[in-house]
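All chains are named by letter (A, B, ...) in the order of the sequence lines, taking the proteins before the strands, and each is independently numbered beginning at 1.
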2 protein chains.
Amino acid sequence: MSAEDTQWEPPLVTVTVDLVIFTVRDGALHVLLIDRGIEPYLKYPALPGGYIDKGETLEEAALRELHQETSLDARTLHLEQLRAYSDPQRDPRGRVITVAYLALGPDLPLPVGGSDAAAAYWAPVSDALARQLAFDHAAILRDGLEHARSQLEHTTVAAAFCTEPFTISDLRHIYEAVWGFKLDPSNFRRKVTRTDGFLEPTGQHHLPQTGRPALLYRRGKAATLSPPLLRTSQASILNGNLTDQPPFEGP
Amino acid sequence: MSAEDTQWEPPLVTVTVDLVIFTVRDGALHVLLIDRGIEPYLKYPALPGGYIDKGETLEEAALRELHQETSLDARTLHLEQLRAYSDPQRDPRGRVITVAYLALGPDLPLPVGGSDAAAAYWAPVSDALARQLAFDHAAILRDGLEHARSQLEHTTVAAAFCTEPFTISDLRHIYEAVWGFKLDPSNFRRKVTRTDGFLEPTGQHHLPQTGRPALLYRRGKAATLSPPLLRTSQASILNGNLTDQPPFEGP
DNA sequence: TGAATAGTGTCTATTAGACAATATGCT
DNA sequence: AGCATATTGTCTAATAGACACTATTCA
């Protein structure tokens, strides 16, 4: 580099944060999208986000945007940095680097018409992936989805999707929604109950529409899952999700 | 946000990339450091890095810096983004956001006195962690180390530390240097040889100073390791690294 | 009672850890 | 031969997948 050249000044760039906010509703993974009210990409769906302010960290900016978009207390949400996106052409207005954040939360109240976002709404992730999103948000969404799926293998963040208290079935439905295939209830229960600190029993019961009452739990203190709870290729075969598998040849 | 306010302009920030460059030499993990030649943090050790140029991606900037610091063809190195650091106070000169990259490479030639870096040198990571580094580079180094350790569990990047062709012992020494404890040679061999695409046998042999000749391998095409090769707490107990373990009570 | 969901038990296959045993070069 | 390292094999413990079975509630 040439930081000491007499006349040289480092280039200045605009920095934004973009949020991939996931929740599970009606058994399906949803992502928060807004329809853009301004150019470029007018009326295209996009991830919520905004410029970073002076004097705040990227995480603070992400929390601020999160609060603005969801009107939710950000303390109840899980937030983590995904990565930075820096293609010089990613914004037609000029050089804008964005840092994407992943937020996971329980079934949230529908965001009220935000301050400036034209319209914010929950979209099923399968729909969002199929639509054309503004900027490079399709890639960011794909990365966020893959990161979330991977996080469920190695950490206890799945519980961040649940409203406390919750049942083991609730938790399993989270995994099924995020991973996109069904899990064996018995083996799933064994795994999560034997992982110290994943679940904290409340002693209370939940009465479902029909069937035996289920024990209710709260999130435990453990953050990681070791050994991990892996999505093996087997799981999708054995549970009927054959989308990525070669056809099965019967005997 | 208020992007549409008539007078409002988004704040501009300076963006840098910083590199955590690891290699294994003499059986120990080393990181590339420079001694700063300018204020602030004059004469403090720091991670190599520099400003991003107009029109280049962060990754291109990282590759450019990497080449400048190591004089090495960056194509032989593994490079991946770590995360962004954005504390407004992290640089006393003003608002500078940095994106850290992790680079892994085989035992590299000692970098020649770089263009402007006062002095670049390989430091054992244990030493580097104990020293006071410039800016928030100590935190970046810690994050980079933990990320590298975790990557070795789930991917085949360990082979990026090896000069081809290499033996299974060479590869095991990488794991031992990065993780900081010894592995069972027999079980390690079983794991890596049974992972399809990790190693590609060359048919050639390597003659060690003493002992039976070892088969030589090249990197295979597989990128991930599933199931992963986990560093369990057991491994450190059973191999004599008791730093984080409670004392063993004999019968 | 039967439907529906929660929860338990069990068998088997896979994998990892411990470690013995064998192989092959060198001095 | 004896040493050092590579490589193979074997036993055991832990874990996951498959799935049968029992438990509890309501209609």
Side-chain angles (χ1 to χ4, degrees), chain A residues 27 152-154 162 165-173 175-176 179 181-196 198-199 201-217 225-241 245, chain B residues 27 152-154 165-173 175-176 179 181-196 198-199 201-217 225-241 245 248:
Chain A
L152 259 54
E153 295 187 315
H154 305 288
C162 297
F166 54 88
T167 68
I168 292 185
S169 287
D170 292 336
L171 187 63
R172 178 165 46 83
H173 290 322
Y175 275 87
E176 293 175 344
W179 284 353
F181 53 83
K182 297 232 177 289
L183 297 173
D184 182 289
S186 166
N187 296 335
F188 180 81
R189 154 181 305 278
R190 180 179 58 197
K191 178 68 184 181
V192 298
T193 54
R194 290 195 185 170
T195 299
D196 262 17
F198 197 163
L199 299 177
T202 64
Q204 302 218 307
H205 289 265
H206 167 77
L207 298 177
Q209 305 293 346
T210 171
R212 175 175 173 175
L215 263 171
L216 286 165
Y217 297 84
L225 232 58
S226 75
L229 174 46
L230 299 171
R231 9 156 214 177
T232 61
S233 51
Q234 284 306 94
S236 54
I237 297 177
L238 297 168
N239 288 282
N241 181 329
Q245 302 301 328
Chain B
L152 258 53
E153 294 188 315
H154 305 287
F166 54 90
T167 68
I168 292 185
S169 287
D170 292 336
L171 187 62
R172 178 165 47 82
H173 291 321
Y175 275 87
E176 294 175 342
W179 284 352
F181 54 83
K182 296 234 179 287
L183 297 173
D184 181 289
S186 166
N187 296 335
F188 180 81
R189 155 181 305 279
R190 179 178 60 196
K191 179 68 184 180
V192 298
T193 54
R194 289 196 186 171
T195 299
D196 262 18
F198 197 163
L199 299 176
T202 65
Q204 302 218 308
H205 289 264
H206 169 76
L207 297 178
Q209 304 293 347
T210 169
R212 175 172 171 177
L215 264 170
L216 286 165
Y217 297 84
L225 231 56
S226 72
L229 174 46
L230 300 171
R231 10 157 211 176
T232 62
S233 51
Q234 284 306 94
S236 53
I237 295 176
L238 297 167
N239 288 281
N241 181 329
Q245 302 302 328
F248 174 67

In whole angstrom, what separates [X]'s [atom1] from [N]'s [atom2]?
| X | N | atom1 | atom2 | result |
| --- | --- | --- | --- | --- |
| B/Arg189 | C/dG17 | CZ | C1' | 17 Å |
| A/Leu230 | C/dA13 | CG | P | 21 Å |
| B/Asp184 | D/dT5 | CG | C1' | 14 Å |
| A/Phe166 | C/dT5 | CZ | P | 20 Å |
| B/Phe188 | D/dT8 | CZ | P | 15 Å |
| B/Gln204 | C/dT24 | CD | C1' | 18 Å |
| B/Leu171 | D/dA6 | CG | P | 12 Å |
| A/Ile168 | C/dT8 | CD1 | C1' | 12 Å |

Next on the checklist: Is there a side-chain contact between A/Lys191 and the phosphate of D/dA16, meaning an N or O under 4.0 Å from OP1 or OP2?
Outcome noted: yes
Checklist outcome for this item: Scoring nucleotides 20-27 of chain D by protein non-hydrogen atoms under 4.0 Å (B base, S sugar-phosphate only, - none) yields ---BBB--
Next on the checklist: So, taking the atom named CG in A/Leu183 and the one named CG in A/Leu229, what distance separates them when rounded to the nearest 0.5 Å?
Outcome noted: 7.0 Å
Got a sec, which residues hit side chain to side chain contact (heavy atoms under 4.5 Å, CB included) with [X], two or more places apart in sequence or on another chain?
| X | result |
| --- | --- |
| B/Leu216 | B/Pro165, B/Thr167, B/Thr202, B/Gln204, B/His206 |
| B/Arg190 | B/Asn187, B/Arg194 |
| A/Pro213 | A/His205, A/Leu207 |

Item to check | B/Leu215, nearest nucleotide to its side chain (from D/dT7, D/dA6, C/dG17) | outcome: D/dT7
Checklist entry - Who passes salt bridge (charged side-chain N to carboxylate O under 4.0 Å, His left out) against B/Arg172, sequence neighbours left out? => result B/Glu176
Item to check | Heavy-atom pair with the smallest gap, counting every atom of A/Ile168 and A/Phe188 | outcome: O-CE2, 3.7 Å
Item to check | Donor-acceptor pair present, A/Arg190 side chain and D/dG17 base, under 3.5 Å | outcome: yes
Checklist entry - When the nearest nucleotide of DNA chain C is assigned to B/Pro228 and to A/Arg194 on a heavy-atom basis, which residue is associated with the more 5' position? => result A/Arg194
Item to check | By ring pair (Phe, Tyr, Trp, His ring centres under 6.0 Å) - contacts of A/His154 (at least two apart) | outcome: B/His154
